[in-house]
2 protein chains.
Amino acid sequence: MELPEAKQKFIEAWGKLGSEWGINRTMAQVHALLLVTPETLTTEEIMEALSISRGNANMTLRDLMSWGLVEKQHKAGERKEYFYADKNTWNIARQVAKERRKRELDPVLKILDELTKVEGDKKDPAYQTFNKSVTDINKLAKNVDKTLETMLKAEESWFWGSIFKIFK
Amino acid sequence: MELPEAKQKFIEAWGKLGSEWGINRTMAQVHALLLVTPETLTTEEIMEALSISRGNANMTLRDLMSWGLVEKQHKAGERKEYFYADKNTWNIARQVAKERRKRELDPVLKILDELTKVEGDKKDPAYQTFNKSVTDINKLAKNVDKTLETMLKAEESWFWGSIFKIFK
DNA sequence: TTAAACTTTCAATATATTTTGAAAGTTCAA
DNA sequence: TTGAACTTTCAAAATATATTGAAAGTTTAA
(Lines give C-alpha, C1' and ligand atoms only; values in the text may rest on other atoms or scores of the structure.)
Protein backbone atom coordinates (compact mmCIF):
# COMPACT_ATOMS: atom_id res chain seq x y z
CA MET A 1 0.00 0.00 0.00
CA GLU A 2 1.27 3.46 -0.86
CA LEU A 3 1.29 6.39 1.53
CA PRO A 4 -1.62 8.39 0.05
CA GLU A 5 -3.89 5.34 0.10
CA ALA A 6 -2.77 4.51 3.62
CA LYS A 7 -3.52 8.03 4.81
CA GLN A 8 -6.94 7.78 3.24
CA LYS A 9 -7.61 4.48 5.01
CA PHE A 10 -6.52 5.92 8.31
CA ILE A 11 -8.79 8.93 7.91
CA GLU A 12 -11.73 6.71 7.04
CA ALA A 13 -11.12 4.28 9.89
CA TRP A 14 -10.77 7.09 12.39
CA GLY A 15 -13.93 8.72 11.10
CA LYS A 16 -15.86 5.48 11.42
CA LEU A 17 -14.63 4.76 14.92
CA GLY A 18 -15.47 8.30 15.95
CA SER A 19 -19.00 8.09 14.64
CA GLU A 20 -19.55 4.79 16.44
CA TRP A 21 -18.54 6.50 19.66
CA GLY A 22 -20.68 9.58 19.33
CA ILE A 23 -18.11 11.84 17.72
CA ASN A 24 -19.02 13.57 14.49
CA ARG A 25 -17.37 11.75 11.61
CA THR A 26 -16.05 14.87 9.92
CA MET A 27 -14.49 16.01 13.16
CA ALA A 28 -12.68 12.70 13.57
CA GLN A 29 -11.54 12.85 9.95
CA VAL A 30 -10.16 16.37 10.21
CA HIS A 31 -8.33 15.28 13.34
CA ALA A 32 -6.96 12.22 11.57
CA LEU A 33 -5.80 14.35 8.65
CA LEU A 34 -3.93 16.68 10.97
CA LEU A 35 -2.42 13.73 12.82
CA VAL A 36 -0.75 12.36 9.71
CA THR A 37 0.34 15.74 8.37
CA PRO A 38 3.72 17.05 9.51
CA GLU A 39 2.99 20.68 8.63
CA THR A 40 0.22 22.97 9.73
CA LEU A 41 -2.76 23.20 7.37
CA THR A 42 -5.03 26.07 6.40
CA THR A 43 -8.82 25.89 6.33
CA GLU A 44 -8.54 25.93 2.56
CA GLU A 45 -6.25 22.91 2.48
CA ILE A 46 -8.47 20.93 4.83
CA MET A 47 -11.56 21.73 2.75
CA GLU A 48 -9.71 20.53 -0.29
CA ALA A 49 -8.25 17.38 1.25
CA LEU A 50 -11.56 16.16 2.66
CA SER A 51 -13.97 17.76 0.16
CA ILE A 52 -15.91 19.65 2.77
CA SER A 53 -17.36 23.16 2.74
CA ARG A 54 -15.84 26.21 4.30
CA GLY A 55 -18.54 26.42 6.96
CA ASN A 56 -18.11 22.81 7.90
CA ALA A 57 -14.34 23.11 8.09
CA ASN A 58 -14.60 26.22 10.21
CA MET A 59 -17.04 24.73 12.71
CA THR A 60 -15.21 21.45 12.91
CA LEU A 61 -11.91 23.18 13.61
CA ARG A 62 -13.53 25.26 16.36
CA ASP A 63 -14.92 22.06 17.86
CA LEU A 64 -11.55 20.37 17.74
CA MET A 65 -10.01 23.37 19.44
CA SER A 66 -12.69 23.29 22.15
CA TRP A 67 -11.77 19.65 22.73
CA GLY A 68 -8.16 20.75 23.11
CA LEU A 69 -7.01 18.52 20.26
CA VAL A 70 -6.08 21.15 17.69
CA GLU A 71 -4.49 24.58 17.91
CA LYS A 72 -4.23 27.63 15.73
CA GLN A 73 -0.92 29.05 14.71
CA HIS A 74 -0.36 32.52 13.37
CA LYS A 75 2.50 33.10 11.02
CA ALA A 76 4.25 36.46 11.08
CA GLY A 77 3.09 38.77 8.33
CA GLU A 78 0.24 36.48 7.29
CA ARG A 79 -3.50 36.79 7.66
CA LYS A 80 -4.22 33.11 7.23
CA GLU A 81 -4.68 30.78 10.19
CA TYR A 82 -2.74 27.57 10.32
CA PHE A 83 -3.94 24.54 12.27
CA TYR A 84 -2.05 21.70 13.80
CA ALA A 85 -2.82 18.75 16.04
CA ASP A 86 -0.91 17.59 19.07
CA LYS A 87 0.49 14.26 17.92
CA ASN A 88 1.20 12.81 21.36
CA THR A 89 -1.23 9.93 21.57
CA TRP A 90 -1.34 9.88 25.35
CA ASN A 91 -2.21 13.57 25.43
CA ILE A 92 -4.98 12.91 22.93
CA ALA A 93 -6.41 10.06 25.00
CA ARG A 94 -6.29 12.14 28.16
CA GLN A 95 -7.84 15.13 26.50
CA VAL A 96 -10.73 13.07 25.14
CA ALA A 97 -11.21 11.36 28.50
CA LYS A 98 -11.18 14.70 30.26
CA GLU A 99 -13.76 16.31 28.01
CA ARG A 100 -16.12 13.37 27.91
CA ARG A 101 -15.96 13.04 31.64
CA LYS A 102 -16.85 16.68 32.07
CA ARG A 103 -19.52 16.76 29.39
CA GLU A 104 -21.17 13.37 29.86
CA LEU A 105 -20.09 11.40 32.89
CA ASP A 106 -20.26 14.19 35.47
CA PRO A 107 -23.89 15.17 34.67
CA VAL A 108 -24.98 11.54 34.91
CA LEU A 109 -23.16 11.09 38.22
CA LYS A 110 -25.03 14.08 39.56
CA ILE A 111 -28.39 12.58 38.63
CA LEU A 112 -27.44 9.15 39.97
CA ASP A 113 -26.45 10.70 43.30
CA GLU A 114 -29.87 12.32 43.55
CA LEU A 115 -31.66 9.13 42.57
CA THR A 116 -29.72 7.17 45.16
CA LYS A 117 -31.33 9.33 47.81
CA VAL A 118 -34.93 8.68 46.75
CA GLU A 119 -36.79 7.19 49.71
CA GLY A 120 -39.42 4.49 49.49
CA ASP A 121 -41.09 1.50 51.05
CA LYS A 122 -38.30 -0.96 51.77
CA LYS A 123 -40.74 -3.87 51.41
CA ASP A 124 -41.79 -2.77 47.93
CA PRO A 125 -40.01 -4.84 45.24
CA ALA A 126 -40.36 -1.95 42.81
CA TYR A 127 -38.48 0.29 45.21
CA GLN A 128 -35.92 -2.38 46.07
CA THR A 129 -35.10 -3.04 42.44
CA PHE A 130 -34.90 0.63 41.56
CA ASN A 131 -32.70 1.37 44.52
CA LYS A 132 -30.35 -1.54 43.93
CA SER A 133 -29.85 -0.82 40.24
CA VAL A 134 -29.29 2.89 40.77
CA THR A 135 -26.93 2.34 43.70
CA ASP A 136 -24.89 -0.27 41.85
CA ILE A 137 -24.60 1.77 38.70
CA ASN A 138 -23.64 4.77 40.77
CA LYS A 139 -20.80 2.82 42.38
CA LEU A 140 -19.54 1.60 39.04
CA ALA A 141 -19.70 5.08 37.55
CA LYS A 142 -17.77 6.47 40.50
CA ASN A 143 -15.07 3.86 40.08
CA VAL A 144 -14.75 4.77 36.42
CA ASP A 145 -14.61 8.40 37.42
CA LYS A 146 -11.81 7.81 39.91
CA THR A 147 -9.86 5.78 37.38
CA LEU A 148 -10.17 8.56 34.82
CA GLU A 149 -9.03 11.06 37.43
CA THR A 150 -5.89 9.01 37.94
CA MET A 151 -5.34 8.62 34.24
CA LEU A 152 -5.58 12.36 33.70
CA LYS A 153 -2.71 12.96 36.06
CA ALA A 154 -0.58 10.04 34.98
CA GLU A 155 2.33 9.49 32.69
CA GLU A 156 1.58 6.96 29.98
CA SER A 157 4.29 4.45 30.76
CA TRP A 158 3.54 4.56 34.47
CA PHE A 159 -0.17 4.12 33.86
CA TRP A 160 0.06 1.06 31.64
CA GLY A 161 2.95 -0.30 33.63
CA SER A 162 0.81 -0.22 36.74
CA ILE A 163 -2.18 -1.73 35.02
CA PHE A 164 -0.26 -4.62 33.53
CA LYS A 165 1.77 -5.31 36.61
CA ILE A 166 -1.48 -6.08 38.38
CA PHE A 167 -3.24 -7.79 35.51
CA LYS A 168 -0.18 -9.79 34.52
CA MET B 1 -38.92 12.78 44.71
CA GLU B 2 -41.37 9.90 44.34
CA LEU B 3 -40.56 6.55 42.80
CA PRO B 4 -42.41 6.97 39.48
CA GLU B 5 -40.72 10.31 38.85
CA ALA B 6 -37.37 8.87 39.86
CA LYS B 7 -37.79 5.95 37.46
CA GLN B 8 -38.61 8.37 34.71
CA LYS B 9 -35.51 10.43 35.44
CA PHE B 10 -33.36 7.33 35.44
CA ILE B 11 -34.77 6.20 32.10
CA GLU B 12 -34.18 9.61 30.58
CA ALA B 13 -30.65 9.93 31.94
CA TRP B 14 -29.72 6.47 30.72
CA GLY B 15 -31.20 7.22 27.31
CA LYS B 16 -29.24 10.44 27.04
CA LEU B 17 -25.95 8.86 28.10
CA GLY B 18 -26.52 6.02 25.66
CA SER B 19 -27.13 8.35 22.75
CA GLU B 20 -23.99 10.33 23.57
CA TRP B 21 -22.02 7.11 23.38
CA GLY B 22 -23.44 5.83 20.12
CA ILE B 23 -26.19 3.67 21.54
CA ASN B 24 -29.71 4.22 20.28
CA ARG B 25 -31.66 6.17 22.86
CA THR B 26 -34.70 3.93 22.80
CA MET B 27 -32.54 0.89 23.32
CA ALA B 28 -30.93 2.45 26.38
CA GLN B 29 -34.35 3.45 27.68
CA VAL B 30 -35.86 0.01 27.31
CA HIS B 31 -32.83 -1.38 29.09
CA ALA B 32 -33.21 1.17 31.88
CA LEU B 33 -36.89 0.33 32.23
CA LEU B 34 -36.12 -3.36 32.60
CA LEU B 35 -33.34 -2.58 35.09
CA VAL B 36 -35.70 -0.85 37.49
CA THR B 37 -38.54 -3.35 37.06
CA PRO B 38 -38.55 -6.37 39.34
CA GLU B 39 -40.84 -8.48 37.17
CA THR B 40 -40.55 -9.50 33.56
CA LEU B 41 -42.37 -7.30 31.06
CA THR B 42 -44.21 -8.05 27.83
CA THR B 43 -43.70 -6.19 24.58
CA GLU B 44 -47.11 -4.64 25.18
CA GLU B 45 -46.12 -3.30 28.59
CA ILE B 46 -42.87 -1.85 27.28
CA MET B 47 -44.69 -0.15 24.39
CA GLU B 48 -47.09 1.36 26.88
CA ALA B 49 -44.50 2.42 29.45
CA LEU B 50 -42.29 4.22 26.93
CA SER B 51 -44.89 5.18 24.31
CA ILE B 52 -43.17 3.41 21.48
CA SER B 53 -44.57 1.38 18.62
CA ARG B 54 -44.74 -2.38 18.40
CA GLY B 55 -42.14 -2.53 15.64
CA ASN B 56 -39.74 -0.37 17.58
CA ALA B 57 -40.20 -2.38 20.76
CA ASN B 58 -39.67 -5.62 18.90
CA MET B 59 -36.49 -4.50 17.16
CA THR B 60 -35.07 -2.88 20.26
CA LEU B 61 -35.64 -6.01 22.31
CA ARG B 62 -33.94 -8.12 19.68
CA ASP B 63 -31.01 -5.72 19.74
CA LEU B 64 -30.78 -5.87 23.50
CA MET B 65 -30.81 -9.64 23.33
CA SER B 66 -28.04 -9.62 20.73
CA TRP B 67 -26.01 -7.48 23.13
CA GLY B 68 -26.64 -10.11 25.80
CA LEU B 69 -28.31 -7.61 28.12
CA VAL B 70 -31.87 -8.90 28.01
CA GLU B 71 -33.42 -12.34 27.84
CA LYS B 72 -36.73 -13.83 26.90
CA GLN B 73 -38.69 -15.94 29.29
CA HIS B 74 -41.51 -18.28 28.32
CA LYS B 75 -44.20 -18.93 30.82
CA ALA B 76 -45.86 -22.36 30.84
CA GLY B 77 -49.18 -22.38 29.02
CA GLU B 78 -48.73 -18.88 27.65
CA ARG B 79 -48.02 -17.61 24.16
CA LYS B 80 -46.71 -14.24 25.24
CA GLU B 81 -43.00 -13.55 25.62
CA TYR B 82 -41.70 -12.00 28.78
CA PHE B 83 -38.47 -10.00 28.91
CA TYR B 84 -36.10 -9.35 31.73
CA ALA B 85 -32.69 -7.73 32.15
CA ASP B 86 -29.74 -9.05 34.05
CA LYS B 87 -29.44 -6.59 36.93
CA ASN B 88 -25.85 -7.33 37.86
CA THR B 89 -24.07 -4.12 36.97
CA TRP B 90 -20.68 -5.72 36.53
CA ASN B 91 -22.14 -8.24 34.08
CA ILE B 92 -23.70 -5.37 32.17
CA ALA B 93 -20.43 -3.45 31.98
CA ARG B 94 -18.58 -6.55 30.87
CA GLN B 95 -21.17 -7.42 28.28
CA VAL B 96 -21.10 -3.93 26.79
CA ALA B 97 -17.29 -3.89 26.81
CA LYS B 98 -17.21 -7.29 25.14
CA GLU B 99 -19.59 -6.37 22.36
CA ARG B 100 -18.09 -3.00 21.61
CA ARG B 101 -14.63 -4.50 21.53
CA LYS B 102 -15.76 -7.11 19.05
CA ARG B 103 -17.83 -4.75 16.91
CA GLU B 104 -15.70 -1.63 16.93
CA LEU B 105 -12.27 -1.95 18.48
CA ASP B 106 -11.21 -5.21 16.81
CA PRO B 107 -11.89 -3.99 13.24
CA VAL B 108 -9.91 -0.82 13.88
CA LEU B 109 -7.03 -2.77 15.38
CA LYS B 110 -6.92 -4.86 12.24
CA ILE B 111 -6.66 -1.78 10.03
CA LEU B 112 -4.05 -0.17 12.28
CA ASP B 113 -1.92 -3.31 12.14
CA GLU B 114 -1.98 -3.15 8.35
CA LEU B 115 -1.20 0.55 8.29
CA THR B 116 1.72 0.03 10.64
CA LYS B 117 3.32 -2.13 7.98
CA VAL B 118 3.12 0.45 5.20
CA GLU B 119 6.63 1.11 3.94
CA GLY B 120 7.98 4.47 2.84
CA ASP B 121 10.92 6.80 2.57
CA LYS B 122 12.31 7.14 6.09
CA LYS B 123 13.57 10.63 5.27
CA ASP B 124 10.16 11.85 4.17
CA PRO B 125 8.44 13.86 6.95
CA ALA B 126 5.03 12.88 5.56
CA TYR B 127 5.95 9.23 5.98
CA GLN B 128 7.57 9.76 9.37
CA THR B 129 4.54 11.54 10.76
CA PHE B 130 2.09 9.03 9.36
CA ASN B 131 4.12 6.13 10.70
CA LYS B 132 4.59 7.60 14.13
CA SER B 133 0.93 8.49 14.61
CA VAL B 134 -0.32 5.13 13.39
CA THR B 135 2.22 3.19 15.43
CA ASP B 136 1.49 5.13 18.61
CA ILE B 137 -2.26 4.85 18.26
CA ASN B 138 -1.87 1.17 17.55
CA LYS B 139 0.06 0.69 20.77
CA LEU B 140 -2.52 2.58 22.80
CA ALA B 141 -5.37 0.65 21.24
CA LYS B 142 -3.62 -2.62 22.01
CA ASN B 143 -3.18 -1.62 25.63
CA VAL B 144 -6.86 -0.79 25.87
CA ASP B 145 -7.62 -4.12 24.24
CA LYS B 146 -5.51 -6.04 26.75
CA THR B 147 -7.10 -4.21 29.65
CA LEU B 148 -10.57 -5.05 28.36
CA GLU B 149 -9.51 -8.65 27.98
CA THR B 150 -8.57 -8.73 31.64
CA MET B 151 -11.75 -6.98 32.67
CA LEU B 152 -13.85 -9.52 30.81
CA LYS B 153 -12.40 -12.32 32.86
CA ALA B 154 -12.35 -10.52 36.17
CA GLU B 155 -14.52 -10.35 39.22
CA GLU B 156 -15.68 -6.85 39.97
CA SER B 157 -14.23 -6.46 43.44
CA TRP B 158 -10.90 -7.90 42.36
CA PHE B 159 -10.76 -5.63 39.34
CA TRP B 160 -11.40 -2.37 41.18
CA GLY B 161 -9.42 -3.51 44.16
CA SER B 162 -6.41 -4.03 41.91
CA ILE B 163 -6.87 -0.75 40.13
CA PHE B 164 -7.16 1.28 43.30
CA LYS B 165 -4.37 -0.51 45.12
CA ILE B 166 -2.05 0.77 42.44
CA PHE B 167 -3.60 4.16 42.00
CA LYS B 168 -3.98 4.71 45.70
C1' DT C 1 -10.90 55.43 5.10
C1' DT C 2 -10.92 51.54 1.87
C1' DA C 3 -10.73 47.19 0.09
C1' DA C 4 -8.60 42.82 -0.10
C1' DA C 5 -7.99 38.75 2.50
C1' DC C 6 -9.54 36.29 5.41
C1' DT C 7 -13.12 34.11 9.19
C1' DT C 8 -17.69 33.37 11.01
C1' DT C 9 -22.56 32.71 10.90
C1' DC C 10 -26.81 30.48 10.03
C1' DA C 11 -31.06 29.49 7.26
C1' DA C 12 -31.76 26.25 3.97
C1' DT C 13 -30.69 21.73 2.35
C1' DA C 14 -29.07 17.20 2.45
C1' DT C 15 -28.18 13.02 4.74
C1' DA C 16 -28.55 9.58 8.22
C1' DT C 17 -31.00 7.48 11.76
C1' DT C 18 -35.01 6.16 14.12
C1' DT C 19 -39.78 5.14 14.41
C1' DT C 20 -44.20 3.83 12.86
C1' DG C 21 -47.92 0.72 11.84
C1' DA C 22 -50.20 -2.18 8.91
C1' DA C 23 -49.55 -6.43 6.69
C1' DA C 24 -47.41 -10.78 6.63
C1' DG C 25 -45.73 -14.50 9.25
C1' DT C 26 -45.87 -17.96 13.01
C1' DT C 27 -47.64 -20.95 16.51
C1' DC C 28 -50.79 -23.71 18.65
C1' DA C 29 -55.18 -25.25 20.79
C1' DA C 30 -59.34 -26.90 19.37
C1' DT D 1 -57.63 -27.09 9.03
C1' DT D 2 -58.88 -22.85 11.22
C1' DG D 3 -58.47 -18.72 13.58
C1' DA D 4 -57.04 -16.35 17.66
C1' DA D 5 -52.99 -14.72 19.79
C1' DC D 6 -49.09 -13.49 19.27
C1' DT D 7 -44.30 -11.90 16.70
C1' DT D 8 -41.77 -10.12 12.83
C1' DT D 9 -40.93 -7.35 8.85
C1' DC D 10 -40.08 -3.35 6.21
C1' DA D 11 -41.47 0.61 3.20
C1' DA D 12 -42.81 4.99 4.32
C1' DA D 13 -42.74 8.90 7.49
C1' DA D 14 -40.77 11.42 11.05
C1' DT D 15 -36.98 13.12 13.38
C1' DA D 16 -32.34 14.28 14.31
C1' DT D 17 -27.89 15.46 12.72
C1' DA D 18 -24.56 17.25 9.58
C1' DT D 19 -23.39 20.14 5.67
C1' DT D 20 -23.56 23.78 2.47
C1' DG D 21 -22.56 28.28 0.72
C1' DA D 22 -23.55 32.89 0.33
C1' DA D 23 -23.73 36.89 3.06
C1' DA D 24 -22.11 39.30 6.96
C1' DG D 25 -18.36 40.22 9.88
C1' DT D 26 -13.44 41.13 11.00
C1' DT D 27 -8.73 42.42 10.44
C1' DT D 28 -4.99 44.68 8.49
C1' DA D 29 -2.02 47.03 5.15
C1' DA D 30 -1.82 50.88 2.44
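Letters A, B, ... mirror the listed sequences (proteins, then strands); counts begin at 1.
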If the sugar-phosphate is the primed atoms plus P, OP1 and OP2 and the base is the rest, what is the B/S/- string for nucleotides 16-30 of chain C, using protein heavy atoms under 4.0 Å?
--SSBB-----BS--

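- Residue B:Q73 contributes atom CD, which lies 14 Å from atom P of D:dT7 at whole-angstrom precision.
- Between the C1' atom of D:dG21 and the CD atom of A:E44 lies a distance of 13 Å, rounded to the nearest Å.
- Taking atom NZ of residue A:K80 and atom P of nucleotide C:dT8, one finds them 15 Å apart after rounding to whole Å.
- When rounded to the nearest whole Å, the span between NZ of B:K72 and P of D:dC6 equals 14 Å.
- Residue B:T60 forms a side-chain hydrogen bond (donor to acceptor under 3.5 Å, both in side chains) with just one option from B:N58, B:D63, B:N56, and that option is B:N56.
- The CG atom of B:L41 sits 13 Å away from the P atom of D:dT7 (whole-angstrom rounding).
- For C:dT8, the OP1/OP2 oxygens have a side-chain nitrogen or oxygen of A:N58 closer than 4.0 Å.
- In this structure, the CD atom of A:E81 is 14 Å from the C1' atom of D:dG25, given to the nearest Å.
- Counting to the nearest Å, the P atom of C:dC6 and the CE atom of A:M47 are 13 Å from each other.
- As rounded to whole Å, 14 Å separates atom P of C:dA5 from atom OH of A:Y82.
- Classified by interplanar angle (parallel below 30°, tilted 30° to 60°, perpendicular above 60°), the ring pair B:W90/B:F159 is tilted.
- Taking B:K98 as the reference, B:Q95, B:L152 meet the side-chain contact (heavy atoms from CB on, under 4.5 Å) condition, with sequence neighbours excluded.
- Between A:K80 and A:K75 there is no side-chain heavy-atom pair separated by less than 4.5 Å.
- Listed for the A:E45 side chain is a donor-acceptor partner under 3.5 Å among the backbone atoms of A:T42.
- When every heavy atom of A:E12 is checked against every heavy atom of A:Q29, the shortest pair comes out as CA-NE2, 4.4 Å.
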